[in-house]
Amino acid sequence: MAQHTIVEDQLFDIVRRTRACDLEDDTCQCTNLMWNLVFLGIDGLSRSNEYTLIFRQPGDGRPYPRSVPS
């Protein structure tokens, strides 16, 4: 069993509640973390096949491109 960090545990909690979300949703719901820590957590989970990333295309009903924090 993989040992998870606080960031990864928070991301799993978000997915359990919402079933699917985008990067902006994740960063908004992890209010105690900076966006780069959330991104690194998602990156690590996706590399270990514990988190699946789906890339949205223009015209799928969501604004594109999405703005990112600076």
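Position 1 is the first residue of the sequence, and the numbers go up from there. As the structure is a prediction and not an experimental result, all values here were calculated from the model.
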### Task
Any chance you could measure Ile6, atom CD1, to Cys30, atom SG, to the nearest 0.5 Å?
11.5 Å
### Task
Check whether Leu33 and Val15 end up in the same hydrophobic cluster, where Ile, Leu, Val, Met, Phe, Trp and Tyr are linked by side-chain heavy atoms less than 4.5 Å apart.
yes
### Task
Please name all residues satisfying side chain to side chain contact (heavy atoms under 4.5 Å, CB included) with Arg17, sequence neighbours left out, ordered by chain then number.
Asp13, Ile14, Gln29
### Query
Out of Asp26, Leu37, Thr27, which one pairs with Ile42 under the side chain to side chain contact (heavy atoms under 4.5 Å, CB included) rule?
Asp26
### Task
Would you please name every residue forming a side-chain hydrogen bond (donor to acceptor under 3.5 Å, both in side chains) with Asn36, sequence neighbours left out?
none
### Task
List the steps, then state whether side chain to side chain contact (heavy atoms under 4.5 Å, CB included) holds for Leu40 with Val7.
CA-CA 9 Å; Leu40 288 174; Val7 175; over 6 Å; no
### Message
If you define the side chain from C-beta out and look only at heavy atoms, does anything of Glu8 sit under 4.5 Å from Tyr51?
### Response
no
### Query
Got a second to check how far Arg16's CZ is from Thr18's OG1, nearest 0.5 Å?
11.0 Å
